[in-house]
Amino acid sequence: MSTHIKEQIKESVAKIISTKYEIDIKASDILLNLTKKEFEGDYTIVIFPYVKRLKMSPAVLGAELGQAIVDEMDEISAFNVVAGFVNLSIADQQWKQTLGAYASDDQLTTLPANGKKVMVEFSSPNTNKPLHLGHIRNILLGWASSQILKAAGYEVINTQIINDRGIAVCKSMLAWQRYGEGATPESTGIKGDHFVGQYYVRFDKELKAEYATWQTTAEAATVLAEKAKEGQSADEFFKAYKNDYFNEYSILGRDAKEMLRQWEAGEADTVALWKQMNGWVYDGFETTYKALGVTFDKLYYESDTYLLGKEVVEKGLKSGVFFKKDDGSAWVDLEAHKMDEKIVLRSDGTAVYMTQDIGTAMQRYADFGIDKMVYVVGDEQNYHFKVLFTILGMLGEPYADDLHHLSYGMVDLPEGRMKSREGTVVDADDLVQEVIAEAKKANDERGEIDELTAEEQADTLRKIGLSALKYFIIKVNPQKRMTFNPAESVDMQGQTGPYIQNAYVRVQSILRKSADYTESDYSAYETLEPMEKSLMRSLGEFKDTLAAAAENLDPSMIANYAYDLGKDYHKFYHDVRILKAESEAAKCFRLQLSRTVAVVLKDAMAMLGIEMPERM
RNA sequence: GGUUCCGUAGCUCAGCUGGAUAGAGCAGCUCACUUCUAAUGAGCAGGUCUCAGGUUCGAAUCCUGACGGGAUCACCA
């Protein structure tokens, strides 16, 4: 109870207003804000809503209410009224008591278990190329959401669906077969995902050459004459025709499609090659995931799930959720939900993306009995998920009203969009290396960690570099398209990961220096400093922030909170002496406050996948 | 064109279910390290919250419309 000062105030105030003025007010109706720093006080009640109902002037009502609160609540020591705002000051005694409660609270940064099971799907890469900056935003958002949900009381299962099949995968397989000459990641020393990615690029290059040659043939001339639109130049036409060329005339295209057919037929050599190359990619991904500090509890492979959902369509046809068109294809009519018709099974009976996703959702429910599902997928798929969730609802799935698409905007570079064709894609592994190198550069001028072992130093630099990168990406509201400025992403000053780490490190430094200090009673500490109260208020906001971040699936809320708390601590550190405090009681209080801030900072950052160094 | 997301300082972003004089960081200009780590702190400067209406005691926030930008509207995944 004492750890929820805000709730306590709201309840008391609601009771006071209800009895004193005989109107019905619930605690949840009370608007209680942090007092702006220009005014005296800790918390502020907005009384405008009652001014009108009670037909009293704000000044009179405020004065009456403030007095009543101070009289009835020991926790409140003073009040003042400005316009329609009643500013309340928390008694120093109460702050000391609250700090004591925080210190002994082993649930300081978590919410009680809610008995619900949630699955978070993120990353979900294709196995034909390495991970890039776009994946990093996805992975960081997914990981942070999963950690936040866990802290908010859910049982969480992290998953990714690995897109390990299809024409794209066959392209790299074919290129390796043709041009690889038996090379392997081991023989070349190239990380597996990058190795395979090279062959994907190689395929595209060969295809381009083949296409260029074809464009000079008589066949191409005929196609151009037949299909080019009015006023379209040959260049424009061929640019737009590339996909059709691949499907209709390309030798490489024909071979790649043949390879896909063989794979689907389970042809032994093809499947063996597929397994080998995917194995290389998985090794590569594993390294990247490890570097980013993320793990998965369950993997789904598209090669296992791509046939799922077909029986569901059969059943849905019988129950009338889906209907058949003349050509035999199956559809769902979403007009009642203000959307169009959507195909769920092709006329040849094969599944589409939507079918798979329906089947996979059901599979997951069968596997884990989940109550809630979060898909971390880019915002270009907003419509797809809207449709998917609607269909699952129509099918009466028990978890259907707790399906969420954590949609995020694309990551742009300062020069504009990342384009693989123009080689402006930022590789995930390169980026990680780069930020760590930058951390090393910044550290070399400082020398704070010189006395650590080489291994510890490397670990510290890794933590610092990654925090810069991760924080830079995660502090932005997921819905916003974001600009990734490489220079700014390695900044370590201002609103950055290292800035927050530094607040934590300062606490650790002080704690090391006071290791033999055993005093634990600060009851004699009289008057709290403004920054001490400010820190207490910030600490009191954590659970609200956590609840909101979990509710909105928005890790940036935690990121911004951690910055605010770190900023408060830096200022506190600057304003007051801790080890050389004016009294033992003050020193004891400040040490406890510092410890508590450090715990919250560390836990909050851990929710973002950011580790704290002990020194920096 | 339909749907949807975004638009806040030169730049990158906060601003919770409507509340007090719209906040940070970066960049720029000052100042503070014999004092617990200066990856810090203090200050100056920087704003028509895209625009126009509406609701309200009160709007960056809610509603309508316009403007600008993105995404999407595949028997691709």
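Values below: every heavy atom of this structure, side chains too, minus hydrogens, waters and symmetry copies. Note on naming: letters A, B, ... go to the chains in the order of the sequence lines (proteins, then strands), and numbering restarts at 1 for each one.
Within the 4.0 angstrom heavy-atom criterion, base atoms lie near A:E448. Counting non-hydrogen atoms under 4.0 angstrom, A:Y383 reaches the backbone sugars and phosphates but no base. As judged by a 4.0 angstrom heavy-atom cut-off over every strand, A:V51 is placed among residues making no nucleic acid contact. Across all strands, A:V377 comes closer than 4.0 Å to no nucleic acid atom at all (heavy-atom distances). Counting non-hydrogen atoms under 4.0 angstrom, A:L345 reaches nothing in the nucleic acid. Among the protein residues, A:M482 comes within range of the sugar-phosphate backbone only, with heavy atoms under 4.0 Å from sugar or phosphate atoms but none that close to a base. A:S347 comes within 4.0 angstrom of a nucleotide base, judged by non-hydrogen atoms across all strands. Counting any heavy atom pair closer than 4.0 Å across all strands shown, A:F48 reaches a base atom. Within the 4.0 angstrom heavy-atom criterion, only backbone atoms of the sugar-phosphate kind lie near A:R481; the bases stay farther away. A:K338 comes within 4.0 angstrom of no nucleic acid atom, judged by non-hydrogen atoms across all strands. Residue A:N87 is classed as a base contact, given a heavy-atom separation below 4.0 Å to a base. Nucleic acid contact for A:V476: sugar-phosphate only, since backbone atoms but no base atoms lie under 4.0 Å from a heavy atom of the residue. At a threshold of 4.0 angstrom between heavy atoms, the contacts of A:E302 are confined to the sugar-phosphate backbone, with no base atom among them. Contact annotation for A:S556: no contact, since no heavy-atom pair falls under 4.0 Å across all strands.
Counting non-hydrogen atoms of other residues, nucleotides and ligands closer than 6.0 Å to NZ of A:K325 gives a total above 12. Atom CD of A:E38 has more than 12 neighbouring heavy atoms from other residues, nucleotides or ligands inside a 6.0 Å radius. Few gaps surround CD on A:E584; more than 12 heavy atoms of other groups in view lie less than 6.0 Å from it.
With A:R537 as the fixed residue, the salt bridge (Lys or Arg N to Asp or Glu O under 4.0 Å) test singles out one of A:D568, A:D564, A:D544, A:D42: A:D42.
A:K571 places its NZ atom 15 Å from the P atom of B:A38, with the value rounded to the nearest Å. In this structure, A:I343 atom CD1 and B:A74 atom P are separated by 11 Å, rounded to whole Å. Atom CG of A:N382 and atom P of B:G2 are 18 Å apart (whole Å). Nucleotide B:C76 holds its P atom 10 Å from the NZ atom of A:K342, rounded to whole Å. Nucleotide B:A77 holds its P atom 14 Å from the OH atom of A:Y200, rounded to whole Å. Following rounding to the nearest Å, A:I558 (CD1) and B:C16 (C1') show an atom-to-atom distance of 13 Å.
Ring-base stacking between A:F39 and B:A20 is satisfied, the centre separation being under 5.5 Å and the plane angle under 30°.
With ring centers used as reference points, A:Y504 lies 6.0 Å or more from A:Y569. A centroid separation of less than 6.0 Å is found between the aromatic rings of A:Y306 and A:W263.
Side-chain N/O atoms of A:K513 include none lying less than 4.0 angstrom from OP1 or OP2 on B:C36. Dashed line: the shortest gap from a side-chain N or O of A:R417 to OP1 or OP2 of B:A71 is under 4.0 Å. Taking 4.0 angstrom as the limit, A:K36 places a side-chain polar atom (N or O) nearer than this to OP1 or OP2 of B:A20. Of the side-chain N and O atoms in A:Y563, none sit less than 4.0 angstrom from OP1 or OP2 of B:U12. Taking side-chain N and O atoms only, A:R590 has no distance below 4.0 Å to OP1 or OP2 of B:C36. In this structure, A:Q479 reaches the B:C6 phosphate: one of its side-chain N or O atoms is under 4.0 Å from OP1 or OP2. Neither OP1 nor OP2 of B:C36 sits under 4.0 Å from any side-chain N or O of A:K587.
Nearest-nucleotide assignment on RNA chain B puts the 5′-proximal partner with A:K480, out of A:L579 and A:K480. Both A:Q356 and A:N485 sit near RNA chain B, but only A:N485 has its closest nucleotide nearer the 5' end.
Taking the ring centre of A:Y563 as origin, the terminal cationic atom of A:K475 falls outside the region bounded by 6.0 Å and 45° from the ring axis. Relative to the six-membered ring of A:F85, A:K36 misses at least one condition, a distance below 6.0 Å or an angle of at most 45° to the axis.
For A:Y525 and A:E532, the side-chain atoms include at least one donor-acceptor pair closer than 3.5 Å.
Ring-plane geometry between A:Y375 and A:F389 is classed as tilted, the angle between the planes lying from 30 to 60 degrees on a 0 to 90 degree scale.
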Could you go through the side-chain hydrogen bond (donor to acceptor under 3.5 Å, both in side chains) check for A:D164 and A:S303 one step at a time? CA-CA 6 Å; A:D164 61 344; A:S303 54; 2.6 Å; yes

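Contact annotation: side chain of A:D491 to base of B:A27, donor-acceptor pair absent below 3.5 Å. The base of B:C76 is not paired with the side chain of A:N243 by any donor and acceptor separated by under 3.5 Å. Taking 3.5 Å as the limit, the base of B:U37 and the side chain of A:R446 contain a donor-acceptor pair of atoms between them.
B:A14 and B:C49 are spaced 13 Å apart, taking the C1' atom of each and rounding to whole Å. If you take atom C1' in B:A59 and the same atom in B:U48, they sit 15 Å apart, rounded to whole Å. Taking atom P on both nucleotides, B:A60 is separated from B:U17 by 15 Å, rounded to a whole Å. A gap of 24 Å separates the C1' atoms of B:U50 and B:A45, to the nearest Å. B:C6 and B:U61: their C1' atoms are spaced 15 Å apart (whole Å). One C1' atom belongs to B:C44, the other to B:A27, and the distance between them is 15 Å to the nearest Å.
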In dot-bracket form, 5' to 3', how is RNA chain B paired? Count Watson-Crick and G-U wobble pairs only if both distances fall under 3.5 Å, and write | where the partner sits on another strand. (((((((..((((.....[...)))).(((((.......))))).....(((((..]....))))))))))))....

